[in-house]
S.K.: 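So that we are looking at the same thing, I have put the structure below in structure tokens.
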Amino acid sequence: MSNVVTRFAPSPTGYLHVGGARTALFAWLLARHEGLAGKFLLRIEDTDLARSTEQATVQLLEDLKWLGLHWDNPDSLVYQSKRKNVYNRIIEDLIARDLAYKAYETSSELDALRKAAEREKRTFIYNRPTLTPDQVRQYESENRPHVVRFSMPVKDYSFRDVVLDKDIVLPAGQVQDFVIRKTDGMPTYHFAVVVDDAEMGITHVLRGQEHLLNTINHIALQHALEYPRPTYGHLPIIMNTDGSKMSKRDRDKMIRQRAQTWLKTYKKSPEDIAAAASLAPSRINDWISDNSKQLDLSEQSAIMNVIDLQESDLPEILVHDFRKNGYLPETLLNFLALLGWNPGGNRERMTVDELVQLFTISGIGKGNARFDRAKLLAFNTEALKEAPTDRLVQAMRDFVNANPDSPTSRATDEQLATLIDMKRGIRTLRELDEATRFFFIPDDAIAYDPAAVEKNLNKNNNEGAAFLREIRNILANVADWNAPALEHALQSYCAQRTLNLGKVAQPIRVAITGSTISPPIFQSLEFLARTSTLARIDRCLSLL
RNA sequence: GGCCCCGUCGUCUAGAGGCCUAGGACACGGCCCUUUCAAGGCCGCGACACGGGUUCGAAUCCCGUCGGGGUCACCA
């Protein structure tokens, strides 16, 4: 016996984005808060045959699993596309009871009516046309394409919203008959939701505020079908920092902008990009000049390679983006929960179990919230600092799985553990990856940053290079190759010559990493081992 | 534009008529620590959208204005 049954009902058009993730999280928390008396169900809303893909469903499920939002119907996932017959039976029944009817206007006819209404500055309300029996017979006999509309009783509607904590009222003048079955025979969202929520025994519907007024349609339908009315709560919307609505398109937009600048800077043509990325020139041409065109993920990454745009340069919008950029799922959940909900008082950092325990609908806010990545980053930094090493090894494994091109993917678990302890203080797993990937690059493949070489080796009459040559011989003869011994050897070298440690550490750093940045130098040397260290120093000196 | 929702520091928020000289976190500024990059420590800046009521007393209740968002699809 479950007292609370919630659901998440995404439509499979791509990876899960943070808005959807938060909706899922709240529905999940509401159910889990009830313990055994709560159920969280998943339903795939794929009634839009043109936009839904199987691949997107797979991605969606993977994202939810990564977040740890497990659903209670893993063996009986509801796919709306497979329930056409169920919906049709109910729709035929509604038609028979004259609560719904076939409507024969085409989309373009309706568009024209809407435009006309707009020109005359009045609100378009659909009116059921009166068809003569002859017309009906004729349309039926010629099998004319049609939709089915629900005959919406004209009256004032109201329902209780538990998030907003108020009654939402829509006056009779605002209601109109709406489509419940499309020309292609599939039910619309409004119809499928109502039927499925009822059949799945959903008691609480938590969804985005963009659905607030849709609920009026849904309760009218429930009344006609004699379904119970679930409890409704509409969540505030997550916005970008600039106040615009957060959308999957933000990434595509950014890539397009950068591609356009790239074209200008290097005086190239879209065809050049297409060729370098091995994509169809026409496709790239369309995309680059048309904001409404969107690339898929593999096309995006091909183009990013060409114009040298990093994953971390893009705004994270999708759950998958956060995974690729090295955020911990439990931190993302914590942050997302706080975007529009809080347990009261000064409580902010919470484990998933604590979220479950503390979650209440009354703690959900009413206003839209802006997504502030800086704060998420701070949360992630803190979580990364506190997490035990084995948790981070596991997280790092997941990170490199999501980023198979990284050299760090060659690391063993033992090596990952060492890297993690060597470089506490990172903000994301990507930072750890970027700070330590030089270990896993072949010695002769280190790329030397000219500015780093100039500053630390060439400046002041090749002072740094001279130090490096002397240090090379010291390192070659250190008895024990471990951090304390290496530190001791180099500190005494510095003491002899009255040098700051920085004077010798930086040239070594440049030699082994190619840059001026690395984890603490002695631990880095220990990790690299003597052979690689000397090989890199020798190669570096030979390149000067 | 009609309808609907919302309105506390730059951002997320605490706040249920006196505990508010409005608290916390992030961001920002300064100082400290430091072999690089970080991380860390300390200090600081900073808000009740506005105008009317109600009340002994209002960030909290009511009205209006302004501002933000949503929605007006055979997309969900």
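Lettering follows sequence order; numbering is per chain, from 1. Keep in mind the model is a prediction, meaning the values are calculated, not measured.
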S.K.: May I ask you to decide whether A/Arg391 forms a salt bridge with A/Glu386, counting only side-chain N to carboxylate O separations under 4.0 Å?
M.R.: no
S.K.: Measure the acute angle between the ring planes of A/Tyr139 and A/Tyr104, then classify it against the limits of 30° and 60° as parallel, tilted or perpendicular.
M.R.: tilted
S.K.: At a cut-off of 3.5 Å, list every protein nitrogen or oxygen paired with a nitrogen or oxygen from nucleotides 38-40 of chain B, distance to 0.1 Å.
M.R.:
| from | atom 1 | to | atom 2 | distance (Å) |
| --- | --- | --- | --- | --- |
| B/rA38 | O2' | A/Gly425 | O | 3.0 |
| B/rA39 | OP1 | A/Arg427 | NH1 | 2.6 |
| B/rA39 | O4' | A/Gly425 | O | 3.2 |
| B/rG40 | OP1 | A/Lys385 | NZ | 3.0 |

S.K.: Classify the nucleic acid contact of A/Leu376 as base, sugar-phosphate or nothing, counting any heavy atom under 4.0 Å across all strands shown.
M.R.: nothing
S.K.: Who are the side chain to side chain donor-acceptor pair (under 3.5 Å) partners of A/His211, not counting sequence neighbours?
M.R.: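 Counting only residues at least two positions away or on another chain, A/His211 forms a side chain to side chain donor-acceptor pair (under 3.5 Å) with A/Tyr189, A/Asn214.
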S.K.: Look at all strands and tell whether A/Gly173 reaches a base, only sugar-phosphate, or nothing, counting heavy atoms closer than 4.0 Å.
M.R.: nothing
S.K.: How far does the C1' atom of B/rC5 sit from the matching atom of B/rA38, given to the nearest Å?
M.R.: 43 Å
S.K.: With a 4.0 Å cutoff (strictly under), does any side-chain N or O of A/Lys366 reach OP1 or OP2 of B/rC5?
M.R.: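 For B/rC5, OP1/OP2 do not have a side-chain N/O of A/Lys366 under 4.0 Å.
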S.K.: Applying a 4.0 Å non-hydrogen cut-off, can you work out what A/Val169 is touching in the nucleic acid: base, sugar-phosphate, or nothing?
M.R.: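 Sugar-phosphate, no base atom in range.
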S.K.: If you measure from the P atom in B/rA58 to the same atom in B/rG17, how many Å do you get, rounded?
M.R.: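 That atom pair is separated by 14 Å.
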S.K.: Counting any heavy atom closer than 4.0 Å, what does A/Ile521 reach on the DNA or RNA strands: base, sugar-phosphate only, or nothing?
M.R.: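 Since a base atom lies under 4.0 Å of A/Ile521, the category is base.
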S.K.: What is the per-nucleotide protein-contact pattern of nucleotides 63-76 of chain B, from the 5' end, where B denotes a base atom under 4.0 Å from a protein heavy atom, S denotes such proximity for sugar-phosphate atoms only, and - denotes neither?
M.R.: ------SBS-SBBB
S.K.: Excluding sequence neighbours, so at least two apart, what forms side chain to side chain donor-acceptor pair (under 3.5 Å) with A/Thr389?
M.R.: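 Side chain to side chain donor-acceptor pair (under 3.5 Å) list for A/Thr389, sorted by chain: A/Asp421, A/Arg424.
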S.K.: Roughly how many Å is it from CD1 in A/Ile364 to P in B/rU13, rounded to a whole number?
M.R.: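 My rounded result for the distance is 12 Å.
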S.K.: Applying a 4.0 Å non-hydrogen cut-off, can you work out what A/Pro236 is touching in the nucleic acid: base, sugar-phosphate, or nothing?
M.R.: nothing
S.K.: Are A/Lys375 and A/Phe379 in a cation-pi setup, meaning NZ or CZ lies under 6.0 angstrom from the ring centre and within 45 degrees of the ring axis?
M.R.: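 No, A/Lys375 and A/Phe379 do not form such a contact.
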S.K.: Using atom CG of A/Leu339 as one end and atom P of B/rC12 as the other, report the distance to the nearest whole Å.
M.R.: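 Value for this atom pair: 8 Å.
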S.K.: So among A/Phe439, A/Trp481, A/Phe522, A/Phe438, which one has a ring-ring contact (aromatic ring centres under 6.0 Å, His included) with A/Phe527?
M.R.: A/Phe439
S.K.: Could a donor-acceptor pair under 3.5 angstrom be found where the side chain of A/Lys375 meets the base of B/rA25?
M.R.: yes
S.K.: If you look only at distance, which donor and acceptor atoms sit under 3.5 Å apart when one is on a side chain in residues 13-25 of chain A and the other is two or more places apart or in another chain?
M.R.:
| from | atom 1 | to | atom 2 | distance (Å) |
| --- | --- | --- | --- | --- |
| A/Tyr15 | OH | A/Gln59 | NE2 | 3.4 |
| A/Arg22 | NH1 | A/Leu339 | O | 2.5 |
| A/Arg22 | NH2 | A/Pro236 | O | 2.3 |
| A/Thr23 | OG1 | A/Gly19 | O | 3.1 |

S.K.: Are A/Arg128 and A/Tyr101 in a cation-pi contact, defined as NZ or CZ under 6.0 Å from the six-membered ring centre and within 45° of the axis?
M.R.: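 Cation-pi check for A/Arg128 and A/Tyr101: passes.
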S.K.: What does B/rU21 pair with, Watson-Crick or G-U, if both distances are under 3.5 Å?
M.R.: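 Base-paired to nothing in any strand shown.
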S.K.: Taking for each residue the nucleotide of RNA chain B with the nearest heavy atom, is it A/Ala374 or A/Ile168 whose nucleotide lies nearer the 5' end?
M.R.: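 That would be A/Ile168.
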S.K.: For the pair made of NZ in A/Lys166 and C1' in B/rA16, what is the distance, rounded to whole Å?
M.R.: 17 Å
S.K.: Which residues pass the side chain to side chain donor-acceptor pair (under 3.5 Å) test with A/Tyr126, sequence neighbours left out?
M.R.: A/Glu105
